[in-house]
Enquirer: 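What follows is a structure written as structure tokens; I'll ask about it next.
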Amino acid sequence: MILNNTKIYFAGYNLSGDSNSTDLQLGYEEKDDTTFGDTARSVACGMQAISGAVSGFWDAGTGGIDGNLWGKLNTASQVLSVSPVGTIGSSVYACKSMHMQYNFGGQIGDLLPFSAAFRGQGVASVKGTILEISQKTLTGNGTGRQLTDVDAGQYLYGGMHIVAVTGTNPTLDVIIQSDNAITFDTPTTRLTFTQASAVGAQWLTPVAGAIADDYWRASYTIGGTDTPTFTVLIWMAIQ
Amino acid sequence: MILTNPYVSIGGSDISSYVKSVTIDYPFEEHDDTAAGDTARSVELGLANWTITVTANETYANGLLNDIMWTKYIAKAEVALIIKINGGTTSTDNPKWTGNGMITGYPPISGAVGDQAVANFTIKPTGGVLTRAEAD
């Protein structure tokens with residue numbers, strides 16, 4: 001596939017429109033466990049070492065990439081979510097990260113580039129599914145979709161980025177529900193995000209399985225006046 | 001945006017008219033603070049270890065770039081830095097980065113016959129961070 005709609009969200013900012021390249025490394029440290037009797041080198045996987053990089057075109061101004069990236073330097077446990085396809089229902093890779101390097105500058109006459117580097121924060125990354133990636137102005141339920149159930153030993157994860165908020169006294173309450181049928185006749189709330197009223201991001205404490213349901217959706221309640229609007233990315237993961 | 005008019009001041013000298021390129025690289029040193037209970041490697045950030053690199057059109061005439069910068073370089077003294085992306089007027093769209101650093105590299109001549117003479121400055125911190133501001 002051609003990467004042409006990749007979405008990159010860091011904390012409460014959507015870097016996608018500023019970026020033209022990204023690299024997410026979610027590998028495991030190699031530990032040699034070769035022993036007598038082996039006929040080839042043997043490797044065990046150690047801890048996951050998470051690193052990410054984004055580069056693109058520098059921009060300042062209110063809400064621009066420069067202020068956002070500079071403001072988040074050396075700030076612990078920021079949510080980084082990257083979706084190669086970038087559409088609702090597609091995969092997203094997410095981790096808790098720290099922005100640890102910011103680089104910008106270039107030649108006279110060039111488009112001014114930037115690059116940013118991120119490192120993991122002691123929590124393994126997850127691969128999940130985008131439940132919502134759009135503007136929300138009305139209270140409602142998102143599209144239900146069949147994923148998998150949560151086995152014993154697995155956890156249910158949820159994350160949310162809010163990258164734009166308008167309206168007067170806007171509030172957003174998001175829950176993630178499950179059911180055993182696409183009709184969601186008897187939905188059960190599995191994850192509840194903290195009420196949001198501003199740009200930001202949340203990474204919820206994972207919920208342990210087992211959960212037998214395999215249909216999932218996000219539901220949201222919007223409060224406020226003057227057409228409160230939230231631009232969000234909401235994802236969930238089971239692993 | 002196209003970089004056309006960066007502002008670079010080093011040690012109180014505005015050398016913008018000589019500048020061909022300028023880059024701020026702002027990394028923090030990484031320290032492993034992984035502990036029992038973590039499920040992935042954890043990194044704590046230590047000291048900022050930034051670098052500013054400037055490439056400029058070199059000129060050796062009295063009072064011009066080489067005269068200005070060589071004096072600062074061999075003084076091995078802390079220099080004040082001001083970098084802006086688009087001219088001297090600080091604004092939301094043209095933030096400024098300020099700080100203090102040491103010129104740690106300045107080859108006085110580098111090039112082959114027929115090349116444009118260029119000066120490459122490397123500036124490292126002297127214990128302090130760079131500060132970003134959207135107004136003077």
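Protein chains get the first letters and strands the later ones, always in sequence-line order, with residue 1 at the start of each.
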Enquirer: So for atom OH, which belongs to A:Tyr155, do other residues, nucleotides or ligands contribute more than 12 heavy atoms lying within a distance under 6.0 Å?
Expert: no
Enquirer: Please classify the contact of A:Met98 with chain B as side chain, backbone, both or neither, using a heavy-atom distance under 4.5 Å.
Expert: side chain
Enquirer: Could you measure the distance from the CZ atom of B:Arg41 to the CZ atom of A:Arg119? Nearest 0.5 Å is fine.
Expert: 13.0 Å
Enquirer: What residues of residues 2-19 of chain B sit under 4.5 Å from chain A when you count only heavy atoms?
Expert: B:Ile2, B:Leu3, B:Thr4, B:Pro6, B:Val19
Enquirer: Would the B:Trp97 and A:Phe104 ring centres measure less than 6.0 Å apart?
Expert: yes
Enquirer: Rounded to the nearest 0.5 Å, what separates atom CD1 in A:Ile108 from atom NZ in B:Lys20?
Expert: 9.0 Å
Enquirer: Quick check on A:Glu30: does its CD atom have over 12 non-hydrogen neighbours (other residues, nucleotides or ligands) under 6.0 Å away?
Expert: no
Enquirer: For B:Tyr26, which of A:Leu69, A:Leu73, A:Asn103, A:Asn74 qualifies under side-chain contact (heavy atoms from CB on, under 4.5 Å)?
Expert: A:Leu73
Enquirer: Is atom CG of A:Asn169 surrounded by more than 12 heavy atoms (other residues, nucleotides or ligands) closer than 6.0 Å?
Expert: no
Enquirer: How many angstroms lie between atom CD of A:Gln107 and atom OG1 of B:Thr23, to the nearest 0.5 angstrom?
Expert: 8.0 Å
Enquirer: Chain B heavy atoms under 4.5 Å from A:Trp58: which part of the residue, side chain, backbone, both or neither?
Expert: both
Enquirer: B:Ile85 versus chain A, heavy atoms under 4.5 Å apart: side chain, backbone, both or neither?
Expert: side chain
Enquirer: Do A:Gln101 side-chain atoms and B:Asp25 backbone N/O form a donor-acceptor pair below 3.5 Å?
Expert: no
Enquirer: At a heavy-atom distance under 4.5 Å, which candidate from A:Phe114, A:Tyr102, A:Trp70, A:Tyr28 has the highest pair count against chain B?
Expert: A:Trp70
Enquirer: In terms of heavy-atom pairs under 4.5 Å with chain B, which of A:Ala60, A:Gly122, A:Ala116 leads?
Expert: A:Gly122
Enquirer: Out of A:Ala76, A:Gly67, A:Gly46, which one racks up the most heavy-atom pairs below 4.5 Å with chain B?
Expert: A:Gly67
Enquirer: How many angstroms lie between atom CE of A:Met47 and atom OG of B:Ser42, to the nearest 0.5 angstrom?
Expert: 8.5 Å
Enquirer: A:Leu111 versus chain B, heavy atoms under 4.5 Å apart: side chain, backbone, both or neither?
Expert: both
Enquirer: With respect to chain A, which residue among B:Asn94, B:Ile24, B:Asp93 yields the maximal number of heavy-atom pairs within a distance under 4.5 Å?
Expert: B:Ile24
Enquirer: Between B:Leu45, B:Thr92, B:Val43, which residue shows the highest count of heavy-atom pairs closer than 4.5 Å to chain A?
Expert: B:Leu45
Enquirer: Between A:Ala124, A:Gly105, A:Gly106, who has the most heavy-atom pairs with chain B when the cutoff is under 4.5 Å?
Expert: A:Gly106
Enquirer: Quick check on B:Glu30 against chain A: is it the side chain, the backbone, both or neither that has a heavy atom closer than 4.5 Å?
Expert: side chain
Enquirer: Quick check for you: to the nearest 0.5 Å, what is the distance between B:Met1 atom CE and A:Asp66 atom CG?
Expert: 10.5 Å
Enquirer: For A:Lys127, does the NZ atom sit with more than 12 other heavy atoms under 6.0 Å from it, leaving out its own atoms?
Expert: no
